[in-house]
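Below, chain A is the first sequence line, B the second, and so on; all start at residue 1.
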Amino acid sequence: MALWHKIKQFFSALDKWNKEELTEMHERELMELEHIFALVNFGVVLGLPMPPLHITGELLPYLDDELQLLFNRLENSLDPIGELFSIFSID
Amino acid sequence: MDRKIVFLTGKGGVGKTTVSTLVSLYLSSRQKVGVFSFDPAHNLADVLGRDVINNKKKLQNLVAKEVDFEHWKREYLKQIKQGFKSSYSYLTAYNMLDYFDIFEQAPDADNLGMVLAFDDIIRNTDLDFYIFDMPPTAVALDFFRTIRRNMRWVEALINLRKKIIEKKEIISRIKLGVREIETDKVMKRLENLQKFYSYLQNILNSSVYLIVRNTDQLSHLEADRIRTELEKMNFDLVYFVNNKYPEPKDELTLGMINTDAVVDSFPEILAENKDFFQHVEHILSK
């Protein structure tokens with residue numbers, strides 16, 4: 001019984017680790033997609049074409065998270081090595 | 001009969017307003033017609049009379065208006081500021097919302113005024129015919145392109161946003177074992193914009209385009225260019241109207257018309273250009 005319990009614990013930990021690995025990958029992709037969305041809507045700060053006024057006007061009140069994301073990204077771009085280390089979880 | 005939308009385009013000074021007025025007067029003897037000047041340098045009141053534009057004088061079943069795009073632009077910007085007030089409420093403490101007034105100077109702000117005015121006319125008036133007296137070529141073509149261009153922007157943003165939502169759902173399925181669906185407000189706004197522009201694009205696709213030209217070579221060349229551009233946008237119902245011609249060239253030809261007395265001498269104009277009016281009616285009945 002104790003052995004069965006240990007085997008169950010092992011597979012449960014493995015499952016949890018797998019889920020974390022998989023989630024991390026998807027979360028990273030989600031972050032990039034959200035960055036791209038922010039860039040498309042606010043890229044004018046970098047000289048990229050801006051969406052038409054009607055679209056900007058309709059979306060802007062709901063894009064404060066994306067705006068914050070873009071500013072964070074711009075800030076982190078000053079430390080690309082730090083960001084790379086964080087992706088590989090190197091302290 | 002379904003309502004019909006007609007756009008009058010052409011080089012400046014070829015007689016778009018005159019032809020718009022004549023077509024409107026002809027059709028309004030039997031049906032409800034609206035003639036709308038979309039040219040910022042409005043001439044409609046000069047031809048029809050200010051009293052008709054101001055609704056002080058009734059002409060058959062005709063509604064006539066010189067559209068004020070500035071009003072639509074201002075109203076929309078007011079709406080945006082209201083939206084910002086709730087999301088960026090901390091800015092009100094610094095009286096910073098006035099900085100959003102700069103949007104009035106956005107490159108496509110004038111075009112947006114035209115689009116919103118057009119949408120309002122189409123949705124909120126009940127007429128059988130809508131005659132739009134358009135500005136000269138560049139501005140008119142830009143208006144038609146704006147609707148298509150904005151629709152493409154919206155579609156691209158929707159595709160990107162869908163990927164974001166799918167990714168969020170995958171993550172929630174892995175973490176929680178269930179697909180957690182949360183309402184994405186940005187997606188809702190994008191879908192509303194898609195419906196808005198699809199509706200207008202369908203209207204443009206089924207509209208009739210009359211390109212007015214005179215006897216001179218320049219207006220012919222410009223008319224050809226306009227037709228090419230409209231055909232590139234997949235508009236099929238495009239016709240040339242020959243205005244100020246000494247002799248009929250084909251069924252869509254008008255002679256010299258005294259624009260100072262269009263309304264008063266309309267019965268004589270109708271008698272002298274019967275073929276033209278019958279042909280226009282035939283095109284609009286398709």
Within 45° cone and under 6.0 Å: R189(B) NZ/CZ vs Y62(A) ring: no
Per-residue contact mode, L157(B) against chain A (heavy atom under 4.5 angstrom): both
Contacting region of N41(A) [heavy-atom separation from chain B under 4.5 Å]: side chain
Closest-packed option against chain B by number of heavy-atom pairs under 4.5 Å, given H26(A), E58(A), H54(A): H54(A)
Interatomic spacing from CG in L190(B) to CD1 in I55(A) - rounded to 0.5 Å: 7.5 Å
Salt bridge E20(A)-K175(B), side-chain N to carboxylate O under 4.0 Å: no
Approximate separation, where rounding is to 0.5 Å, of M187(B) CE and L59(A) CG: 11.5 Å
Chain A contact via I164(B) - which portion, at a heavy-atom distance below 4.5 Å: both
Pairwise side-chain contact, K167(B) with E32(A), heavy-atom cut-off 4.5 Å (strictly under): no
Stepwise side chain to side chain contact (heavy atoms under 4.5 Å, CB included) check, K168(B) with E34(A): CA-CA 11 Å; K168(B) 284 183 179 173; E34(A) 285 175 334; 3.4 Å; yes
R145(B), CZ: over 12 other non-hydrogen atoms inside 6.0 angstrom: yes
Whether over 12 other heavy atoms sit under 6.0 Å from K73(B) NZ: yes
Evaluation steps, salt bridge (Lys or Arg N to Asp or Glu O under 4.0 Å), between E66(A) and R161(B): CA-CA 12 Å; E66(A) 276 79 2; R161(B) 197 73 190 176; 2.9 Å; yes
Nearest-0.5 Å distance, CD1 of residue I80(B) to CG of residue L60(A): 8.0 Å
Region of L30(A) that comes under 4.5 Å of a non-hydrogen atom in chain B: both
Inter-residue atom distance L112(B).CG - L53(A).CG, 0.5 Å rounding: 5.5 Å
Nearest heavy-atom neighbours spanning P52(A) and N150(B): CG-OD1, 3.0 Å
Side chain proximity check, T56(A) to W153(B), heavy atoms < 4.5 angstrom: no
Inter-residue atom distance I174(B).CD1 - E21(A).CD, 0.5 Å rounding: 11.5 Å
